[in-house]
Amino acid sequence: VYLLQGNYDESEKYYAEVLDMEESLNDKRGIVDANIKMGKLRQAQNDDDEALGYYEQSRDIALEIEDDEAVNEAFNNISEVLDEKQDIPQQLEVSQQAMQYNAERGNVRDEAKNSIDIGNIYIETDSSEKAIEHLQRGVELSEEAGDIEAKSQAVKALSEAYEKEGSESD
């Protein structure tokens with residue numbers, strides 16, 4: 001609540017207390033959640049490097065305990081910060097790591113979303129051919145997963161990539 005109100009000092013006080021408690025209990029999932037909250041706080045304060053540190057810690061612990069939902073949340077948060085920092089190469093690397101993780105775990109729905117995210121990054125960097133490749137894969141995977149919303153996002157992005165490809169060849 002304090003974070004939503006912009007009361008960062010109160011947020012930090014309570015989030016740090018929760019993190020300390022979770023660490024003393026050695027509750028790995030609780031530590032993941034607390035690190036994500038601290039990361040969101042730092043991100044709201046425009047302290048991207050601190051936010052990345054918390055998100056990376058949450059990702060590493062989530063990987064250790066094999067919590068797919070938390071792993072994906074952490075990967076998404078890391079990618080979001082890297083996007084804000086305009087660190088496209090690192091954002092691509094993190095997104096590819098997430099896609100590989102989900103492919104290995106058989107998480108087709110999340111793998112589709114990762115492929116779509118990568119395609120969108122390539123659209124931003126005017127790499128239409130790579131964008132199209134990833135977005136087509138995103139369409140296939142979202143169909144396999146029965147995720148109509150993801151398929152819709154992929155198809156919309158695919159049309160944008162084809163449009164850019166056409167304008168690049170003009």
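Please read all numbers here as calculations on a predicted model, not as lab measurements.
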Rounded at 0.5 Å granularity, tell me how far [atom1] in [X] sits from [atom2] in [Y].
| X | Y | atom1 | atom2 | answer |
| --- | --- | --- | --- | --- |
| D147 | I116 | CG | CD1 | 7.5 Å |
| S128 | E133 | OG | CD | 12.5 Å |
| N72 | R105 | CG | CZ | 10.0 Å |
| I31 | R29 | CD1 | CZ | 12.0 Å |
| K40 | Y15 | NZ | OH | 9.5 Å |
| E129 | E165 | CD | CD | 7.0 Å |

Considering all heavy atoms, the nearest [X]-[Y] contact:
| X | Y | result |
| --- | --- | --- |
| S142 | V139 | OG-O, 3.0 Å |
| A51 | G39 | CB-O, 3.4 Å |
| Q57 | N35 | OE1-OD1, 3.3 Å |
| A161 | I132 | CB-CG1, 3.7 Å |
| G119 | A131 | O-CB, 3.3 Å |

Under the salt bridge (Lys or Arg N to Asp or Glu O under 4.0 Å) test, which residues partner [X], sequence neighbours left out?
| X | answer |
| --- | --- |
| E144 | none |
| E143 | K151 |
| D83 | none |
| E140 | R137 |

| task | Would you list the pairs meeting ring pair (Phe, Tyr, Trp, His ring centres under 6.0 Å) in which at least one residue belongs to residues 112-136, sequence neighbours left out? | result | Y122-H134
| said: Show every ring pair (Phe, Tyr, Trp, His ring centres under 6.0 Å) that has at least one partner inside residues 32-91, sequence neighbours left out. | reply: none
| field | Step-by-step salt bridge (charged side-chain N to carboxylate O under 4.0 Å, His left out) determination, E124 to K164 | value | CA-CA 10 Å; E124 290 177 29; K164 275 194 167 197; over 6 Å; no
Can you name the residues that form a side-chain hydrogen bond (donor to acceptor under 3.5 Å, both in side chains) with [X], not counting sequence neighbours?
| X | result |
| --- | --- |
| K156 | none |
| N76 | none |
| Q136 | Y162 |

| Same cluster or not: are V94 and V71 linked, directly or through other Ile, Leu, Val, Met, Phe, Trp or Tyr residues, by side-chain heavy atoms under 4.5 angstrom apart? | yes
| said: Is there a continuous path of hydrophobic side-chain contacts, each under 4.5 Å between heavy atoms, that joins Y101 to I121? | reply: no
| query | Does a sphere of radius 6.0 Å around CD1 in I148 hold more than 12 heavy atoms from other residues, nucleotides or ligands, not counting ones at 6.0 Å or beyond? | reply | no
| When you look at CD of E69, are more than 12 heavy atoms from neighbouring residues, nucleotides or ligands closer to it than 6.0 Å? | no
| field | Non-hydrogen side-chain atoms of L52 and I78 separated by less than 4.5 Å | value | yes
| message | The test is side-chain contact (heavy atoms from CB on, under 4.5 Å); show your working for E22 and K28 and say whether it passes. | response | CA-CA 7 Å; E22 298 295 2; K28 301 276 188 185; over 6 Å; no
| field | Ion pair check, R59 and E73, cut-off under 4.0 Å | value | no
| query | So, are E149 and R109 salt-bridged, with charged N and O less than 4.0 Å apart? | reply | no
| query | Should side-chain heavy atoms under 4.5 Å link Ile, Leu, Val, Met, Phe, Trp and Tyr, which residues sit in the same cluster as L141? | reply | V108
| query | Rest of the hydrophobic cluster containing V18 (Ile/Leu/Val/Met/Phe/Trp/Tyr, side-chain heavy atoms under 4.5 Å)? | reply | M21
Counting only pairs under 3.5 Å, give me each side-chain donor-acceptor contact of residues 85-92, with atom names and distances, residues two or more places apart or in other chains.
from: K85; atom 1: NZ; to: D49; atom 2: OD1; distance (Å): 2.6
from: D87; atom 1: OD1; to: Q90; atom 2: N; distance (Å): 3.2
from: Q91; atom 1: NE2; to: S79; atom 2: OG; distance (Å): 3.3

| task | Quick one: do V32 and I36 satisfy side-chain contact (heavy atoms from CB on, under 4.5 Å)? Show the steps, please. | result | CA-CA 6 Å; V32 168; I36 287 172; 4.0 Å; yes
| task | For side-chain contact (heavy atoms from CB on, under 4.5 Å), just list the numbers for E50 and Q45, CA-CA rounded to whole Å, side-chain angles, deciding distance to a tenth of an Å, and then say yes or no. | result | CA-CA 10 Å; E50 281 283 320; Q45 295 173 311; over 6 Å; no
| message | Consider side-chain contact (heavy atoms from CB on, under 4.5 Å). Of I118, I123, V155, which one does L135 pass it with? | response | I123
| task | Report the residue from E104, Q96, Q97 that forms a side chain to side chain donor-acceptor pair (under 3.5 Å) with Q100. | result | E104
